[in-house]
Amino acid sequence: MKNSKLYNIIPFIIALFFAILAYYFYPINGDYDLSKYYHLMDMIKLNDSETLIYINNYFEVLFRFYMYLIAFIGNYRLLQFFPVLFLYLILCYIIFDYGKNHGFSKLSIVIISMLCISLFRFVLIASCIRYAIAYVIFALALYLDLIKKDKRFWVKLLYILPIFLHKTSIIFLLLRLLIEIKNKKIIYFIFGISTILFFFPNFVIEIITPFKNIKIVESLINMIYGYLIEENVPIYLQLIFRLFQTTFFTLCGVLCYLKTTDNSMKKYYFMLVLVGIFTICLFNYFTIFMRMIDFLVFISPIVIFECLRLIHSNEKLKLFYPLLLLLLGVFIVCGIYIQIIDFKGMYF
């Protein structure tokens, strides 16, 4: 009973800690998305007509409603508090629930919790709140649907909900639908063509420009310009680390995919592998690359759990178990180091 209560309360304590930290973060300069949200809420309170038109045309409906609600309450810091609270709650729920129900040790649960918490950047989670909460809700949908095999209608709705928080979530919905195709050659063909198109954004814009009067196409053109054309970030050390991190998670997904016989689990691992390959291909596009990495981290705990089990239980691979733990330790240390650097640039 005590252990059961502990499993229930620790995720909440972790989530509350980071939510409080996010609450006291104040974006005093324009480098954070949160600065833009605070400004828009100021305009909402002033009932500025131009701002209201801009918001109604631009923001996803659920986030728009949430921002109106926070503006009405008047405590802007709640805007980042609740998404961060729910994000860490969902992530910790997935880790602790899977670890407990599949017989993993407390040490394994602690290691994977530290790994995931250290690898996604708190500064991005607390500032770019829309994409973060949208992605983790989609990760929850995958976990409940494919791992826990919960087929209730509300679980299916969790796949749709993120789109109304951040439109890039549609990428994951399309991938989720793609893995349902039984013919793998068709999957590889569609995925390959779609990924290649990301290397030729100007060509894509030329094709869809005749339809720019359609709102969804106009929005797509703006996304392509913002994420794939206008942004030009030089390669630096953290990007190399993130590329190595992504490659590691993807290879773990491949290993789990090859070893499991459970069809539902295979879909989960296959989804992770596709996201991993897609993320690696987007290495030159900093913003979307970093966001895809976060989603990969959100869905990676199950893969890391199972890799630990596979390597530890296989006599031929058991020799590499300490090396795997060492590598996870290196990831944690590097992740914490990056977090410390980020914290130095934040204001509380």
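Count residues from 1 along the sequence.
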- request: May I ask you to test the I95-C116 pair for a side-chain heavy-atom distance under 4.5 Å?
  value: yes
- request: Measure centre to centre between the rings of Y76 and Y37, then say whether the value is under 6.0 Å.
  value: no
field: Contact summary for Y23 and L78, nearest pair of heavy atoms
entry: CE1-CD2, 4.0 Å
- prompt: Picking from I187, L178, V275, L175, what satisfies side chain to side chain contact (heavy atoms under 4.5 Å, CB included) with F270?
  reply: I187
task: Over all heavy atoms of both residues, which pair between F298 and P301 is shortest? Give the atoms and the distance, please.
output: O-CD, 3.5 Å
message: Testing the basics here: between S127 and L34, what is the closest heavy-atom pair and its distance to 0.1 Å?
response: OG-N, 3.4 Å
message: If you define the side chain from C-beta out and look only at heavy atoms, does anything of F191 sit under 4.5 Å from F278?
response: yes
- prompt: Between K36 and M41, does a side-chain contact (heavy atoms from CB on, under 4.5 Å) hold up when you go through it step by step?
  reply: CA-CA 9 Å; K36 177 179 67 178; M41 287 191 294; over 6 Å; no
task: State yes or no: do L157 and V155 share one hydrophobic cluster built from I, L, V, M, F, W and Y residues joined by side-chain heavy-atom distances below 4.5 Å, directly or via other members?
output: no
Between D150 and Y143: side-chain donor-acceptor atoms closer than 3.5 Å: no
- prompt: Where do V297 and Q245 land on the side-chain contact (heavy atoms from CB on, under 4.5 Å) test, with the steps shown first?
  reply: CA-CA 9 Å; V297 173; Q245 167 195 324; 3.5 Å; yes
Derivation and outcome, side chain to side chain donor-acceptor pair (under 3.5 Å), residues H102 and R309: CA-CA 10 Å; H102 290 78; R309 193 205 302 272; 5.8 Å; no
Check: L87 and I137 side chains under 4.5 Å, non-hydrogen atoms: no
- prompt: Are K267 and E180 close enough for a salt bridge, meaning some N to O gap below 4.0 Å?
  reply: yes
- prompt: Which residues, ordered by chain and number, are linked to I341 in its hydrophobic cluster, where ILVMFWY side chains connect at heavy-atom gaps below 4.5 Å, directly or through other members?
  reply: Y337
message: Contact between I133 and I129 at the side-chain level, heavy atoms closer than 4.5 Å - yes or no?
response: no
- request: Answer yes when D262 and K149 have at least one side-chain N-carboxylate O distance shorter than 4.0 Å, and no when they do not.
  value: yes
query: At what distance, to the nearest 0.5 angstrom, does OH of Y269 lie from CG of L146?
result: 11.0 Å
field: With sequence neighbours excluded, residues passing salt bridge (charged side-chain N to carboxylate O under 4.0 Å, His left out) with D294
entry: none
field: Centroid separation F343 to F122 less than 6.0 Å
entry: yes
- prompt: What are the two closest heavy atoms between F96 and I10, and how far apart are they?
  reply: CZ-CG2, 3.6 Å
message: For Y135 and F172, I'd like to know if the aromatic rings sit close, meaning centre-to-centre distance below 6.0 Å.
response: yes
message: Just verifying a value: how many Å separate R130 CZ and S169 OG, rounded to the nearest 0.5 Å?
response: 9.5 Å
field: Under 3.5 Å: donor-acceptor pair, side chain of S118, backbone of M114
entry: yes
Rounded distance [0.5 Å steps], CG in L62 versus NE2 in H166: 13.5 Å
- prompt: Is it true that a side-chain atom of S105 and a backbone atom of S108 form a donor plus acceptor pair closer than 3.5 Å?
  reply: yes
- prompt: Would F72 end up clustered with Y38 when hydrophobic side chains under 4.5 Å apart are linked, directly or stepwise?
  reply: no
query: Thinking salt bridges, do D145 and R176 make one under a 4.0 Å N-O criterion?
result: yes
task: Answer yes or no: does atom NZ of K151 have more than 12 heavy-atom neighbours from other residues, nucleotides or ligands under 6.0 Å?
output: yes
query: Are more than 12 heavy atoms from other residues, nucleotides or ligands located less than 6.0 Å from atom CE of M265?
result: yes
message: For L282 versus F289, what's the shortest heavy-atom pair and its separation?
response: O-CB, 3.4 Å
query: Given the rule that I, L, V, M, F, W and Y join up when any side-chain heavy atoms are under 4.5 Å apart, are F12 and V136 in one cluster?
result: yes
query: Do the two ring centres, one from F295 and one from F120, sit under 6.0 Å apart?
result: no
query: Step by step, would you call Y268 with S264 a side-chain contact (heavy atoms from CB on, under 4.5 Å)?
result: CA-CA 7 Å; Y268 188 90; S264 190; over 6 Å; no
field: Euclidean distance, I90 CD1 relative to D97 CG, rounded to 0.5 Å
entry: 13.0 Å
- request: Would you check, one step at a time, whether the test side chain to side chain donor-acceptor pair (under 3.5 Å) holds for T247 with T250?
  value: CA-CA 5 Å; T247 304; T250 305; over 6 Å; no
- request: Taking all non-hydrogen atoms of both residues into account, name the closest pair between L272 and G253 and its distance.
  value: CD2-CA, 3.9 Å
Please set out all donor-acceptor pairs under 3.5 angstrom arising from side-chain atoms of residues 324-334, sequence neighbours excluded.
none

message: Rounded to the nearest 0.5 Å, what separates atom CG in L85 from atom CZ in F17?
response: 13.5 Å
message: If I take atom CD1 from residue I299 and atom CD1 from residue I147, how far apart are they, to the nearest 0.5 angstrom?
response: 10.0 Å
task: Apply side-chain contact (heavy atoms from CB on, under 4.5 Å) to F104 and I112, showing your working.
output: CA-CA 11 Å; F104 288 94; I112 292 172; over 6 Å; no
message: If hydrophobic clusters are built from ILVMFWY residues whose side chains come within less than 4.5 Å, do L255 and Y321 share one?
response: no
message: Under 4.5 Å between side-chain heavy atoms, counting indirect links through other Ile/Leu/Val/Met/Phe/Trp/Tyr residues: same cluster for Y66 and L158 or not?
response: yes
field: Contact check, side chains of Q80 and Y24, non-hydrogen atoms, under 4.5 Å
entry: no
query: Is the closest side-chain heavy-atom distance between I160 and F138 below 4.5 Å?
result: no
- prompt: Would K184 count as a cation-pi partner of F189, with NZ or CZ less than 6.0 Å from the six-membered ring centre and within 45° of the ring normal?
  reply: no
task: Determine whether F63 and F164 make a side-chain contact, defined as any pair of heavy atoms from C-beta on separated by less than 4.5 Å.
output: no
- prompt: Can you tell if the side chain of F305 reaches within under 4.5 Å of the side chain of I109, non-hydrogen atoms only?
  reply: yes
